[in-house]
Amino acid sequence: MVTPVRIRRQLPFSPWLFAAPGLLVTGAFVLYPFVSTLVNSFTDRRTLLPGHFTGLANFRELLHDDMFWTGLRNSTLYIAGVVPALVVLPLLLALLVQKNIPGITFFRSAFYTPVVASIVVVGLIWVWLLDERGLVNSLLETIGIGRVGFLSDQWLLLLSAMAVTVWKGLGYYMIIYLAALANVPRELHEVAAVDGAGPVRRFFSVTVPAVRSTMVLVAALSSVAAFKVFSEVYLMAGPDGGPAGEDTTLVMLVQRTGTGLTGRVGYASALSVVVFAVTVALMLLVLRADRREES
């Protein structure tokens with residue numbers, strides 16, 4: 001005798017019950033802060049005051065704020081200095097550690113270690129290394145070059161922060177490239193080698209075209225991260241943004257303007273909206289350039 005199977009009718013809102021926790025978290029910590037920031041950007045709200053609607057006054061003030069243009073300049077320079085390095089160097093590093101040879105796991109772990117290290121710890125280590133009395137300057141003085149103001153010169157400080165960003169991000173993007181290189185058919189390299197192509201020619205003719213989409217992804221991710229840089233510059237330049245604030249980035253300006261008991265939340269929100277708009281524009285430009293190259 002076959003036991004009848006009772007089929008329970010699924011309620012139409014059952015899937016939403018499973019999605020509800022994630023939707024609540026997203027709404028509370030992503031959507032609400034975004035909408036709140038957008039609304040506050042059109043007000044003169046301060047930390048302890050509700051503020052009133054001022055229209056585009058905050059955005060007009062941005063155009064006449066020298067610190068805004070300084071932050072925009074530094075954030076743009078950060079992209080120009082960091083992104084090319086983080087697109088090319090991790091690919092070369094992935095090619096070096098791709099082969100399964102004895103001891104290669106140690107080097108893969110060593111290259112990835114800075115990624116999992118705290119940015120605060122990494123920043124403090126580099127500050128100690130590049131300080132006037134740090135290890136690097138001591139070595140330079142020993143060999144007769146003299147001490148260099150890595151943390152006191154405007155441009156050297158910005159370059160030092162870029163070096164920290166590149167050093168910390170190498171291992172992360174190396175892993176992404178390793179996953180892409182694993183999908184490149186070995187036969188393509190073998191055919192190119194039979195045709196007489198050397199390692200450099202195979203790199204540009206086989207490897208680069210095969211991982212081009214991954215390079216676009218790395219360029220987009222690193223561009224957004226570079227434009228929103230905060231911790232590296234903050235730790236190395238200090239809360240004032242280096243000498244006379246000349247190394248201040250846009251995100252540092254948002255933090256400096258919108259915090260404290262007298263923080264200008266409305267103006268900081270306007271700065272945040274600009275950062276968001278530029279970030280979206282960067283990603284669209286990278287994707288459009290990729291599509292144009294494909295066509």
Side-chain angles (χ1 to χ4, degrees), residues 13 15-79 82-83 119-120 161 165 217 219-235 237-242 245-288:
F13 55 84
W16 292 101
L17 294 178
F18 292 98
L23 292 175
L24 289 175
V25 172
T26 303
F29 296 101
V30 178
L31 295 180
Y32 174 74
F34 175 78
V35 174
S36 177
T37 299
L38 189 61
V39 172
N40 288 331
S41 65
F42 297 101
T43 68
D44 59 353
R45 181 180 178 183
R46 292 181 176 269
T47 302
L48 300 178
L49 298 175
H52 303 86
F53 180 77
T54 58
L56 298 176
N58 289 325
F59 296 95
R60 287 195 295 267
E61 184 179 349
L62 286 177
L63 300 177
H64 301 90
D65 188 352
D66 293 337
M67 287 306 302
F68 167 74
W69 293 109
T70 298
L72 183 61
R73 178 200 66 193
N74 292 331
S75 297
T76 304
L77 289 176
Y78 219 87
I79 293 177
V82 167
V83 174
I119 184 58
V120 177
T165 301
L217 173 64
L221 293 176
S222 57
S223 296
V224 172
F227 191 77
K228 298 191 301 180
V229 66
F230 172 78
S231 301
E232 294 91 323
V233 182
Y234 184 86
L235 291 170
D240 295 330
E246 288 296 323
D247 290 298
T248 300
T249 63
L250 280 181
V251 179
M252 289 180 63
L253 187 59
V254 172
Q255 183 270 340
R256 186 190 309 166
T257 305
T259 57
L261 296 178
T262 59
R264 299 180 60 192
V265 178
Y267 189 68
S269 298
L271 287 168
S272 301
V273 171
V274 172
V275 172
F276 173 76
V278 175
T279 300
V280 173
L282 283 173
M283 296 192 68
L284 293 177
L285 286 175
V286 172
L287 294 176
R288 184 175 182 180

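Keep in mind the model is a prediction, meaning the values are calculated, not measured. Atom set for the values below is all heavy atoms of this structure, side chains included, hydrogens, waters and symmetry mates excluded.
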Restricting to non-hydrogen atoms, name the atom on T259 and the atom on Q255 that form the minimum distance, rounded to 0.1 Å. OG1-O, 2.6 Å

Decide side-chain hydrogen bond (donor to acceptor under 3.5 Å, both in side chains) for D44 and Y267; before the verdict, give the C-alpha distance in whole Å, the side-chain angles of both, and the deciding distance to 0.1 Å. CA-CA 7 Å; D44 59 353; Y267 189 68; over 6 Å; no

CA sep, side-chain torsions, deciding dist, call: F230, I119, side-chain contact (heavy atoms from CB on, under 4.5 Å): CA-CA 10 Å; F230 172 78; I119 184 58; over 6 Å; no

Closest non-hydrogen atom pair, S75 against T249: OG-CB, 3.7 Å

Tightest non-hydrogen contact, residues V254 and A268, listed as O-CB, 3.8 Å

Does a sphere of radius 6.0 Å around OH in Y32 hold more than 12 heavy atoms from other residues, nucleotides or ligands, not counting ones at 6.0 Å or beyond? no

Contact check, side chains of F42 and S269, non-hydrogen atoms, under 4.5 Å: no

Heavy atoms of M252 and V233 approach each other most closely as SD-CG1, 3.4 Å

Apply side-chain contact (heavy atoms from CB on, under 4.5 Å) to residues T47 and T262 and explain how you reach the verdict. CA-CA 6 Å; T47 302; T262 59; over 6 Å; no

Distance, nearest 0.5 Å, that separates CG of D65 from CG of L253: 6.5 Å

How about CE on M283, more than 12 heavy atoms from neighbouring residues, nucleotides or ligands closer than 6.0 Å, or not? no

Start with the C-alpha gap between W69 and L62, add the side-chain angles, then the distance that decides, and say whether side-chain contact (heavy atoms from CB on, under 4.5 Å) holds. CA-CA 8 Å; W69 293 109; L62 286 177; over 6 Å; no

With respect to V278, which candidate in V274, V280, V275 satisfies the side chain to side chain contact (heavy atoms under 4.5 Å, CB included) definition? V274

Going by atom types only, do Y78 and T165 share a side-chain donor-acceptor pair under 3.5 Å? yes

Give me the atom names and distance for the closest heavy-atom approach of L38 to V273. CD1-CG2, 4.1 Å

For side-chain contact (heavy atoms from CB on, under 4.5 Å), just list the numbers for Y234 and V229, CA-CA rounded to whole Å, side-chain angles, deciding distance to a tenth of an Å, and then say yes or no. CA-CA 9 Å; Y234 184 86; V229 66; over 6 Å; no

Nearest heavy-atom neighbours spanning E246 and R73: O-NH2, 3.0 Å

Would you indicate whether L24, at its atom CG, is surrounded by more than 12 heavy atoms from other residues, nucleotides or ligands within a distance under 6.0 Å? yes

